[in-house]
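Given the structure is predicted, the values throughout are model-derived calculations rather than measurements. Each chain gets a letter, A, B and so on, in the order the sequences are listed, and its residues count up from 1.
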Number of protein chains: 2
Amino acid sequence: MSSSREFVSRTPVQGGATDQLRRSNLSNVLGLVHREGPLSRAELTRLTGLNRSTVGDLVAELAELGLVYEALPTTGNVPGRPSPIVHAQSGVVAIAINPEVDAIHVGLVGMSGRVLAKVRLEAATAPTPADVVRLASAAIAGLLSGREASLRVVGIGVAVPGQVRVSDGTVREATHMGWAEEPLSRMLSEATTFPAWAANAANLAMRAESVFGAGKGVDDFVYFIGGASGIGGGAVTGGRLLSGAAGYAGEFGHSFVRSRGTRCSCGATGCLEAEVTQAGLLEAVGLAPAEAGLLGSRLASSRDPGVRALISEQLDLLAIAVRTAVNLFNPTLVVLGGFLSDLYDAGGREGDALLSDAIRSAREDVRIEGAASASDQLLIGCGELVFSELIADPASLLLH
Amino acid sequence: MSSSREFVSRTPVQGGATDQLRRSNLSNVLGLVHREGPLSRAELTRLTGLNRSTVGDLVAELAELGLVYEALPTTGNVPGRPSPIVHAQSGVVAIAINPEVDAIHVGLVGMSGRVLAKVRLEAATAPTPADVVRLASAAIAGLLSGREASLRVVGIGVAVPGQVRVSDGTVREATHMGWAEEPLSRMLSEATTFPAWAANAANLAMRAESVFGAGKGVDDFVYFIGGASGIGGGAVTGGRLLSGAAGYAGEFGHSFVRSRGTRCSCGATGCLEAEVTQAGLLEAVGLAPAEAGLLGSRLASSRDPGVRALISEQLDLLAIAVRTAVNLFNPTLVVLGGFLSDLYDAGGREGDALLSDAIRSAREDVRIEGAASASDQLLIGCGELVFSELIADPASLLLH
DNA sequence: GGTGATTTGTTGTCTCGAGAAACATATTAG
DNA sequence: CTAATATGTTTCTCGAGACAACAAATCACC
């Protein structure tokens, strides 16, 4: 699906000026190196459809900006002059912040998509936004200290468990944190002087999944992720992230799945996240909330009829949400993350059980997969939030 | 997906990238004139951000292609040299075909977005695809006869009440018509020699709404339309039509709205279109199926408690589908068409009744509107299907 | 009805990005 | 060591659009 022709057509040239064309091409090259990992210039030439000489020029410009570097290739066994390998500069980093009820995670993510360092700051009570700014600022200083020379910070990405207006990074509502209308990214950028962006955590997990995980190269997929505090998600349609008007799109946790159901924290009844919960499954198999990591194996191995019945019931409810998602988005892939993946595995990974009620045309070409659940998924997603800004206009780095 | 890149590879033309820039700018200008109606060159200059001289050049090229013409402006009361008004050539037409159970509608749609002519071909029984090809071909010949000199047919757009694979115009399933796996657009293009495209009818109605109706200029909206044969819909997200992997996206009629509900024609239970039906409402107010046009006024004026209860119940079910749509798409607008608009009006147009269960952040900036229900909506949508291909690459017309 | 201000079309020149081709270089195969 | 092959590098050309100078057409005002 990622042939060179498609790639070019996927990024149509907008606007008028020739320098916009240049910017678009720079963006394409940098984006490829970021997403696909190190690529030879010859491969870049094929993937972009551009001329050899042009690619050489673009790479030289990106190298001058300090965003990529070229290295000699490891000797392959192909004839011809070896093509230098273009690497993303991993010294170009984003700061990732993920506040949660019991802790704040802070990390450094390199442009290669790898987490270079991270710390977990324990919190006795749910941190306030001011706490986050204070604690994270200190942690950032610690992570950066002594490495200032080799690191270049592009900005800060924040993953918030709640609704975030992406245009200005305001947290509209984060029920579990007890936040409302908090200008979090402004506070962070004022405290640190780095530009900051914020978004919904589940959406950022999906971004990581889209660039480096199961959704890599997939133009149309939906993502469901279940955690202790509920179910979130997101969608990619036509190769683009679905954000909606303000960034609240993809709240699959609030898909309707049951008439006269449980009241949800959002105020409605019958929401997926009110009906299908990690807490309920943990309790059924006798695990404490902190032992969620064991849920998958316990569910899979349990022969208790009550547990099997619960798994079946929860899968039926999940199937309703998946059905609606498939009917509305017509994806080729449904990715399940967190405890939803455990649930799916426990049910025998029968895709049909989740898809059989979707309309036939739409369900035929859908596959279901577990998320490539890296523990650093969220931090990588934060990095994506930052790097996507850089990749959209690599030359903008000159301005800082 | 006939991207520009493929075109280049078929006909080796000098210059690939600058050429693409030119095409993109031609496309922008033609698209503006198509969507916004006649515009002066000065306005085009402002809207595109291009240079005066460039816009002049682009318009000249489009005029040479026979796609636009310039006319002297009506005297405005502004100083300065008057700017010529650029009009879309309405002689450039698309053929619109909409097969239904009881009739086939065939029309001519000008690039200005107006229906120039139309005929309704009655059908005693649901027509087969072969019937459609035969009857529509004859109707097309009739519509074009005598006007060949002044008309330039770009292609055929077909609105099908069912799931259509947009890549090749195959009807995968059209339950009400009794069709399955019919290569309709190939059949039509072979019979008429015109290129043909097909898509889901509700989706095309939404396209018309998006370009000329309530959704004009709105980047994020969802569209629900109810008719005799069910409920369809579509969505625009980030300014782009949501099509999904194959073109089946936006089936809001198959959103889940009720546990243990009625069995739907799709095989599932609890689908919106199985629970909220035009037939049920017609029966409640004592109208025959053919009198659907009167439904709105009957519902609005009825004081029968049974009818009021039914309206209330149906609105509650619709609200569930709207809630899910708002939570998943975060639109700024929900457009209701067909009998759903009647239903909404009968309920007093209380937006809150439809939105109150959506998550707060997402529902705040949503407004609900009735569709700009032009009777020609579907034919205009068919035209859009064709013209969007032309507008994507205006120079392609040279090849025909 | 003339005159100036204003806006826009038109024309010629300039810049810049990318493609093409010739040439140079580095590897593999034998 | 040589031929084949693939790719980097350099130079030239082309084309799209910006820019600036000039021309044209309208309005406002006297």
Side-chain angles (χ1 to χ4, degrees), chain A residues 4 8 11-29 39-64 68-86 393-395, chain B residues 4-5 8-9 11-29 39-64 68-86 393-395:
Chain A
S4 57
V8 172
T11 20
V13 183
Q14 287 290 324
T18 49
D19 67 315
Q20 260 170 313
L21 177 59
R22 181 67 167 187
R23 221 172 306 166
S24 161
N25 284 338
L26 281 173
S27 171
N28 285 347
V29 170
L39 290 169
S40 74
R41 258 157 70 180
E43 288 169 311
L44 282 171
T45 301
R46 279 187 289 271
L47 289 168
T48 58
L50 297 169
N51 191 279
R52 284 213 294 262
S53 48
T54 307
V55 171
D57 207 43
L58 292 167
V59 169
E61 186 166 344
L62 291 174
E64 207 162 305
V68 304
Y69 65 96
E70 291 183 288
L72 289 180
T74 62
T75 171
N77 42 4
V78 286
R81 179 175 179 171
S83 192
I85 309 294
V86 182
D393 186 6
Chain B
S4 47
R5 229 36 190 160
V8 170
S9 66
T11 355
V13 184
Q14 272 188 343
T18 52
D19 200 46
Q20 224 173 324
L21 178 59
R22 179 67 167 189
R23 254 197 300 256
S24 165
N25 284 338
L26 282 173
S27 170
N28 284 347
V29 170
L39 290 169
S40 74
R41 258 158 69 180
E43 288 169 311
L44 282 170
T45 301
R46 278 187 290 271
L47 290 169
T48 58
L50 297 169
N51 193 277
R52 282 210 301 258
S53 49
T54 306
V55 171
D57 207 45
L58 291 167
V59 169
E61 185 166 344
L62 290 174
E64 206 161 304
V68 303
Y69 65 95
E70 291 183 287
L72 289 180
T74 62
T75 173
N77 43 4
V78 286
R81 179 174 178 172
S83 192
I85 308 293
V86 183
D393 186 7

To the nearest angstrom, how far is [X] atom [atom1] from [N] atom [atom2]?
X	N	atom1	atom2	value
N28(A)	dA18(C)	CG	C1'	14 Å
D57(A)	dT9(D)	CG	P	11 Å
R23(B)	dA16(D)	CZ	C1'	13 Å
Q20(A)	dA16(D)	CD	C1'	13 Å

Checklist line | Those residues that, when tested against P73(A), pass side chain to side chain contact (heavy atoms under 4.5 Å, CB included) (two or more places apart) | finding: P82(A), I85(A)
Note to self: Taking side chain to side chain contact (heavy atoms under 4.5 Å, CB included) as the definition, give me every residue that meets it alongside E70(B), ordered by chain and number, with sequence neighbours left out.
What the structure shows: R41(B), V59(B), P84(B), V86(B)
Which residues pass the side-chain hydrogen bond (donor to acceptor under 3.5 Å, both in side chains) test with [X], not counting sequence neighbours?
X	value
R22(A)	D57(A), E61(A)
S40(B)	E43(B)
N51(A)	S53(A)

Notebook entry, point to check: Can you check whether L44(A)'s main-chain N or O pairs, donor with acceptor, with T48(A)'s side chain at less than 3.5 Å?
Noted result: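 Between the backbone of L44(A) and the side chain of T48(A) there is a qualifying donor-acceptor contact (under 3.5 Å).
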Notebook entry, point to check: Reading nucleotides 5-17 of chain C from the 5' end, what letters show protein touch, with B for base, S for backbone sugar-phosphate only, - for no heavy atom under 4.0 Å?
Noted result: -BBBBBB-----S
